[in-house]
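By convention in this document, chain letters (A, B, ...) are assigned in the order of the sequence lines, proteins followed by strands, and residues within each chain are numbered from 1. These numbers come from the heavy atoms of this one structure, side chains and all, not from hydrogens, waters or symmetry mates.
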Protein chains: 4
Amino acid sequence: MCARRRDAEGTAATRASRRAELLSAIAGVFADRGYAATTVREAAEAAGILGGSLYYHFDSKESMVDEILSTFLGEMWADYEEVLSSGLDAPQTLRALVHSSFRSIEKHRAAVVIYQNESRYLAQAERFQYLTASQERFERTWKGVLEQGVAEGAFRADLNTGLIYRFIRDTVWVAATWYRPDGKFDAEEIARQYLAMVLEGLQAD
Amino acid sequence: MCARRRDAEGTAATRASRRAELLSAIAGVFADRGYAATTVREAAEAAGILGGSLYYHFDSKESMVDEILSTFLGEMWADYEEVLSSGLDAPQTLRALVHSSFRSIEKHRAAVVIYQNESRYLAQAERFQYLTASQERFERTWKGVLEQGVAEGAFRADLNTGLIYRFIRDTVWVAATWYRPDGKFDAEEIARQYLAMVLEGLQAD
Amino acid sequence: MCARRRDAEGTAATRASRRAELLSAIAGVFADRGYAATTVREAAEAAGILGGSLYYHFDSKESMVDEILSTFLGEMWADYEEVLSSGLDAPQTLRALVHSSFRSIEKHRAAVVIYQNESRYLAQAERFQYLTASQERFERTWKGVLEQGVAEGAFRADLNTGLIYRFIRDTVWVAATWYRPDGKFDAEEIARQYLAMVLEGLQAD
Amino acid sequence: MCARRRDAEGTAATRASRRAELLSAIAGVFADRGYAATTVREAAEAAGILGGSLYYHFDSKESMVDEILSTFLGEMWADYEEVLSSGLDAPQTLRALVHSSFRSIEKHRAAVVIYQNESRYLAQAERFQYLTASQERFERTWKGVLEQGVAEGAFRADLNTGLIYRFIRDTVWVAATWYRPDGKFDAEEIARQYLAMVLEGLQAD
DNA sequence: GATGAATGAGCCTTCATTCAT
DNA sequence: CATGAATGAAGGCTCATTCAT
């Protein structure tokens with residue numbers, strides 16, 4: 001059949017899914033080679049089209065990362081919110097957040113890698129102010145949980161929550177760097193082992 | 001004496017110290033803005049000279065990072081070797097390595113950040129093969145300590161050493177990202193708290 | 001038919017002719033100002049586009065000369081081969097080669113000038129090894145003809161063929177330097193006069 | 001002895017000979033690698049000093065070639081003048097000029113090569129107008145000899161003197177390109193063979 | 001006279017972006 | 001929607017030149 005197909009669901013849906021398709025391919029290259037080091041041509045090639053053609057779908061290279069990152073952060077915060085509004089105690093919240101984080105990595109690996117590697121650079125631009133905002137919200141959230149846990153007597157009081165927050169934050173997100181969906185462990189198992197180390201310690205008793 | 005006098009501190013020494021001076025400034029910008037995102041002009045400006053002048057001292061932008069990274073890795077491994085050849089048991093070794101690492105961060109903060117952020121990109125080039133080699137040596141070293149600890153009965157046997165290695169590696173090095181020499185905690189204190197978390201766990205007993 | 005129509009003259013042909021068009025303009029400037037002394041911007045300007053645009057068509061400045069020279073040498077050797085395989089005797093071969101050479105100059109003036117002026121410099125690069133090879137083949141060919149002529153008793157035996165070869169080679173190619181297509185003489189006439197001088201001598205009998 | 005030597009002939013002479021010494025080394029590199037392609041550093045290295053030091057002796061890179069070329073042309077024209085004012089007939093003059101030219105090549109090989117390769121490029125600058133002037137004087141001189149020879153009945157009348165002049169000019173100077181002082185033939189022998197070819201022809205009688 | 005560090009203009013090249021088809 | 005040719009602003013790097021020592 002020759003006529004260009006007009007999807008039953010209509011143009012809008014088709015269009016959105018095409019975007020998602022393109023963005024997925026693009027996020028992959030951005031993650032693998034770095035945002036700055038990836039040329040638009042390469043990104044386009046990964047998506048199966050030519051450089052110029054990407055500009056039919058996106059305004060600029062920047063708007064590509066933008067959409068990748070904001071989509072990821074949107075979903076991540078939605079998941080986090082669900083956890084935080086469930087009325088769990090501090091240790092349960094911490095466990096749930098860690099699990100949620102590793103699940104995010106599983107689902108948005110490329111986006112997390114980009115977030116991890118390019119945030120600081122991108123955050124210089126006005127447009128990416130939301131990255132800084134997210135960062136701060138992240139810090140408030142986690143420190144809140146840790147402090148609450150200390151207050152509840154569930155977590156040790158002799159450690160600095162600011163420091164511990166940083167350790168946890170880093171380990172969790174950097175995991176995206178080495179996580180492979182086809183590896184030995186799935187997200188749940190990684191989360192479990194991570195929590196065992198962080199909560200109970202490495203030491204044999 | 002007839003020959004034109006070469007100062008006792010000598011050309012060689014002067015030159016080397018000038019290099020170190022430049023490199024220190026350059027490492028700072030590379031760490032802050034990213035290697036790829038930093039222009040040679042910017043790096044030079046940070047060193048107080050003009051873009052072209054850097055090429056009197058270095059062959060290329062690449063050779064600048066090269067020197068920054070290899071110097072850092074050289075010193076780091078020298079310190080690691082000292083620890084590893086001291087005949088300590090596994091938990092002591094782990095503690096000593098963590099302390100050594102945070103001390104490295106204190107001394108070579110910029111280099112560590114660069115190492116963290118640019119390694120994967122740089123490692124594509126033949127010239128930076130030593131980064132991959134260092135990475136592998138790092139993995140062997142750490143996994144060795146962890147496995148020995150499990151064998152000695154000092155560490156829990158129910159956790160995967162490969163996973164734990166990664167968690168530790170990431171947290172330690174990523175710390176360079178947020179570490180500020182003038183911050184609340186010095187390297188020793190950070191190492192102590194980190195070890196407390198990792199070895200004894202966050203949970204109050 | 002569904003596929004977007006690719007004109008019969010086709011993309012390939014269009015592209016090739018565009019290349020040839022650009023190359024012709026570029027060869028002109030390279031010949032006039034020298035390869036090293038010509039900037040890419042100037043070359044582009046001569047082709048009616050901007051500096052950067054040339055890189056859509058060519059990999060590098062070097063690959064531009066490369067294509068110019070190898071195209072010329074390819075055609076020149078094809079013509080030479082035709083002469084050499086015609087079974088002519090030495091004097092006839094010499095005459096035919098000279099005519100062929102001047103015809104080459106007429107057709108590829110710019111390329112010949114470039115060949116003449118830049119060969120030694122370019123030949124330093126691996127990529128231009130074929131220039132040296134061509135040079136050697138050239139020497140073998142011409143000395144062969146001269147020696148055969150001497151053996152046949154057609155040429156004087158008291159002159160050194162190596163020297164004579166060089167005189168002939170130089171004069172022929174350097175002619176590209178002053179040859180103007182709109183000048184008083186065409187390639188055939190120049191060849192005729194040149195042969196008269198070289199074969200019969202300047203001296204009135 | 002330590003004190004810097006003050007030559008008996010005094011500073012001026014010493015200075016001049018030092019210049020000549022430097023210039024000779026510089027001319028060598030310019031000839032071998034091309035004027036544009038040779039860096040001042042390389043030229044200086046060939047002279048055994050550092051780049052900056054050359055500027056004590058010369059104003060600029062340009063003034064180095066300038067001095068090389070004008071010195072050569074000065075001597076060459078002096079020799080030519082001697083020939084031209086000797087009252088020889090045309091064939092004898094031609095012979096003498098060719099011999100003089102090959103002797104110039106023998107003595108100023110590097111300068112001749114530079115003259116040959118860079119003239120056209122350099123002549124663009126006001127400062128090198130004398131190259132064009134020399135060229136024109138050269139043409140007048142040679143065409144004069146040829147025309148006189150034709151008038152005297154010594155040279156064939158059926159050849160265009162303009163063309164013949166060019167052939168001779170080119171061959172003679174390009175010889176500098178391949179002439180090696182330690183080669184099989186010296187300047188006199190090369191001149192003899194060249195004249196044999198050009199005057200009597202290649203053809204066996 | 002010579003050194004070596006620095007300058008700054010300019011070169012080749014890359015690449016995000018545009019736009020006619 | 002996609003193509004491919006072109007744009008133009010940098011970017012890394014080179015190099016003639018200067019100058020304090």
To the nearest 0.5 Å, tell me how far [X] [atom1] sits from [Y] [atom2].
| X | Y | atom1 | atom2 | answer |
| --- | --- | --- | --- | --- |
| A:T177 | A:R109 | OG1 | CZ | 8.0 Å |
| A:L54 | A:E45 | CG | CD | 11.5 Å |
| A:L23 | A:I68 | CG | CD1 | 5.5 Å |

Is a donor on one side and an acceptor on the other found under 3.5 Å between the side chain of [X] and the backbone of [Y]?
| X | Y | answer |
| --- | --- | --- |
| A:S24 | A:A20 | no |
| B:S17 | B:T14 | yes |
| D:S134 | D:Y130 | no |

Round to the nearest Å and state the distance from [X] atom [atom1] to [N] atom [atom2].
| X | N | atom1 | atom2 | result |
| --- | --- | --- | --- | --- |
| C:H57 | F:dT7 | NE2 | C1' | 12 Å |
| A:F58 | F:dA2 | CZ | C1' | 15 Å |
| D:E21 | E:dA2 | CD | C1' | 15 Å |
| A:L50 | E:dA16 | CG | P | 14 Å |
| C:F30 | E:dC11 | CZ | P | 13 Å |
| D:E45 | E:dT3 | CD | P | 12 Å |

Salt bridge (charged side-chain N to carboxylate O under 4.0 Å, His left out) contacts in which one or both residues fall within residues 53-68 of chain C, not counting sequence neighbours: C:R19-C:E67, C:E62-C:R127, C:D66-C:R127
Anything below 3.5 Å on both distances counts as a pair; with that, list the stems of at least three consecutive Watson-Crick or G-U pairs involving DNA chain E. E:2-21 with F:2-21
Less than 4.0 angstrom between a side-chain N/O of C:Y56 and OP1 or OP2 of F:dA5, yes or no?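 Result: yes.
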Given F:dC1, is OP1 or OP2 found less than 4.0 Å from the side-chain N or O atoms of A:R19?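 So the side chain of A:R19 is outside the cut-off, no N or O lying under 4.0 Å from OP1 or OP2 of F:dC1.
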Could you pull out the protein-nucleic contacts involving nucleotides 14-18 of chain F (nitrogen or oxygen on both sides, under 3.5 Å)?
unit_1 : atom_1 : unit_2 : atom_2 : d
F:dA16 : OP1    : D:T38  : O      : 3.4
F:dA16 : OP1    : D:K61  : NZ     : 3.1
F:dA16 : OP2    : D:V40  : N      : 2.5
F:dT17 : OP2    : D:Y55  : OH     : 2.6
F:dT17 : OP2    : D:K61  : N      : 2.7
F:dT17 : O5'    : D:Y55  : OH     : 3.3

Parallel, tilted or perpendicular: rings of A:Y35 and A:F30 (30°, 60°): perpendicular
Are the side chains of C:L69 and C:L122 in contact, using a 4.5 Å heavy-atom criterion? yes
Let me know, please, whether B:L54 or C:E42 comes out on the 5' side of the other along DNA chain E by nearest nucleotide.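 Taking each residue's closest nucleotide, the earlier one in sequence belongs to B:L54.
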